[in-house]
Amino acid sequence: MIRFFNTFSGSLEEFRPIREGEVRLYTCGPTVYDYPHIGNYRAYIFEDLLKRFLLMAGFKVIHVMNITDVDDKTIKGASREGVSLQEYTARYIEAFFEDLKTLRIMPADIYPRATQHIPDMVRMIKGLLEKGFAYYRDGSVYFSIEKFPAYGRLAKINLEELKAGARIDSDEYEKESVHDFALWKKAREGEPFWETELGAGRPGWHIECSAMSTRYLGPSLDIHCGGIDNIFPHHENEIAQSEAYYGQKFVNYWLHCHHLVVDGEKMSKSRGNFYTLRDLLARGLDPVDLRFFLLSTHYRKMLNFTFDSLDQARASRQRILDFVYELEHRTFGPGSEPEIQALVDRVLTDFREGLSDDLNISAALAALFEFIREINFRLSRDLVKREDAGRVLQAVHELDRVLAILPDKTEEALPPDILEKIERRQKARKEKNFALADAIREELRQRGIILEDTREGVRWKRIK
RNA sequence: GGCGCGGUACCCAAGCGGCUAAGGGAGAGGUCUGCAAAACCUCGAUUCGUCGGUUCGAGUCCGACCCGCGCCUCCA
């Protein structure tokens, strides 16, 4: 049984998709006004884990992730640089896709862009006006939350309290109630706008997601994800718009990922603890280590990023990599041991069961590490045979469909002159010319290559 | 003020009513080795922020308190 914590109900629920064997997944994507920071990627990696797990569990997954390419920030950015909105956002969209690849995040099936779905938004806004959920004010259209009594259920906020805590709103737009939100913003001097039946203007942020999610996934989705900060008001507003328009349940399972903080504090540029993926890559960090770090803490728990904790994650991942390396490079005697098959079966089961329990990655990884220890113990006593080794490797690769942390097959080879030096050193060692051997080892170390003499021969590693 | 999260070994982190409190990192000891490095093995909490309570039995439920953090405004 698969269970997820549903923000809407505030409890763990058994997961059952609307259509058997198929999951319609919507995840809030980036607003492309800047390079995403590592906190953004925590959310995307959580969603990647979710998706890969669903795929492993045998579901077909239809995944839509929006790209917000028009909003206050993108408009401001473009105008600051004196370039078109499109020109401005194109650079960040490209960077975003590059980063996804770098972090081995599986691509979504569709990446709808707000600017390419204006008609869908207009259609919804018109419908909301007709049904009385929205009103015009000074050329803009607002959603009236009073007309939607269920407003606040996701975020567990009640309207009375909202009103009581309301302060003078600094929004330049006029509206009936401070908490009503804009569906359509009237065109303003110097800002991009679309000529539509609603008048000249541009969409509000929330309607973008409602229009694009339902456009591709239908009025009811199985899972909708985002960071916890999206719960209110963004997701609350999405529910209001979508359910008011379609008259049916918008989302069955709301999954929200907690924040990443840096050195125990919220990331911010002013605090100087703000990192983009590119910042970290520039420091020589292996992006897959970052992936593993972001992956290895439960998604509903606040994650504290420090360079020390990243280093711990790197070491932890290395244990898995060393294990695979050993299995791939050692020579085994023929045959198999029944015990190994039992261990293989167990790790596969326990790993999946761990993830089935609201993506309990700690439990899943514990199963993997326990497996590694059991097999290593047997390796150290030559109790693993050729067929066993194959099965063990296959199992680890199966789990890596979800983790995606094993090295690429196309690991870059060493240049010939270095290979030649390694050989020369081996020869020197055989001849007990250790002075030469050590000199070569030191020389290669200077060049960033570490040599290790193992029972099975020389192993080399690059140092970052 | 309102809503919410967390406090488990030196660090990270599962467990959320009942077997010896997972797992990883660091550390210590050992195996291997020309040396080194790496790898591997073994060992590390009579105890779960504090104080009360419920229970045959509590990190696990209830209450109070103490710390740390987040959201309530754009935000993953």
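Letters go in sequence order (proteins before strands), and every chain restarts at 1. Values reported hereafter were calculated over all heavy atoms of this structure, with side chains retained and with hydrogens, waters and symmetry mates removed.
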Is A:Asp229 side chain donor-acceptor paired with the B:rC74 base, going by distance under 3.5 Å alone? no
Can you find an N or O donor on one side and an acceptor on the other, under 3.5 Å apart, linking the side chain of A:Gln312 with the base of B:rG24? yes
Using only side-chain N and O atoms of A:Arg373, determine if any of them is under 4.0 Å from OP1 or OP2 of B:rG23. yes
Winner on side-chain proximity to A:Asn40, out of B:rC11, B:rA13, B:rA76, is B:rA76
Could you check whether A:Tyr88 and A:Tyr33 have their ring centres less than 6.0 Å apart? no
Taking OP1 and OP2 of B:rG6, is either one under 4.0 Å from a side-chain nitrogen or oxygen of A:Arg300? no
Is there a donor-acceptor contact under 3.5 Å from the side chain of A:Glu236 to the main chain of A:Leu154? yes
When you measure only distances, ignoring hydrogens and angles, does the side chain of A:Asp438 come within 3.5 Å of the base of B:rG34 through a donor and an acceptor? yes
When you measure from the side chain of A:Lys301, which nucleotide among B:rG23, B:rA76, B:rA13 comes out closest? B:rA13
On the nucleotide B:rC41, are OP1 or OP2 found under 4.0 Å from the side-chain N or O atoms that A:Arg319 carries? yes
Of the listed nucleotides (B:rC69, B:rA76, B:rC40), which one gets closest to any side-chain atom of A:Asn376? B:rC40
Taking OP1 and OP2 of B:rC71, is either one under 4.0 Å from a side-chain nitrogen or oxygen of A:Lys266? yes
Below 4.0 Å: OP1/OP2 of B:rC71 and any side-chain N or O of A:Lys156: no
Ignoring backbone atoms, establish whether A:Asn360 has a side-chain N or O less than 4.0 Å from OP1 or OP2 of B:rG15. yes
Go through B:rA76, B:rG70, B:rA14 for me and flag the one nearest to the A:Ile228 side chain. B:rG70
Residue A:Asp322, side-chain atoms from C-beta onward, closest of B:rC40, B:rG23, B:rC11: B:rC40
Between A:Arg317 (CZ) and B:rG25 (C1'), how many Å, whole number? 16 Å
May I ask you to verify whether the side chain of A:Arg441 and the base of B:rC35 hold a donor-acceptor pair under 3.5 Å? yes
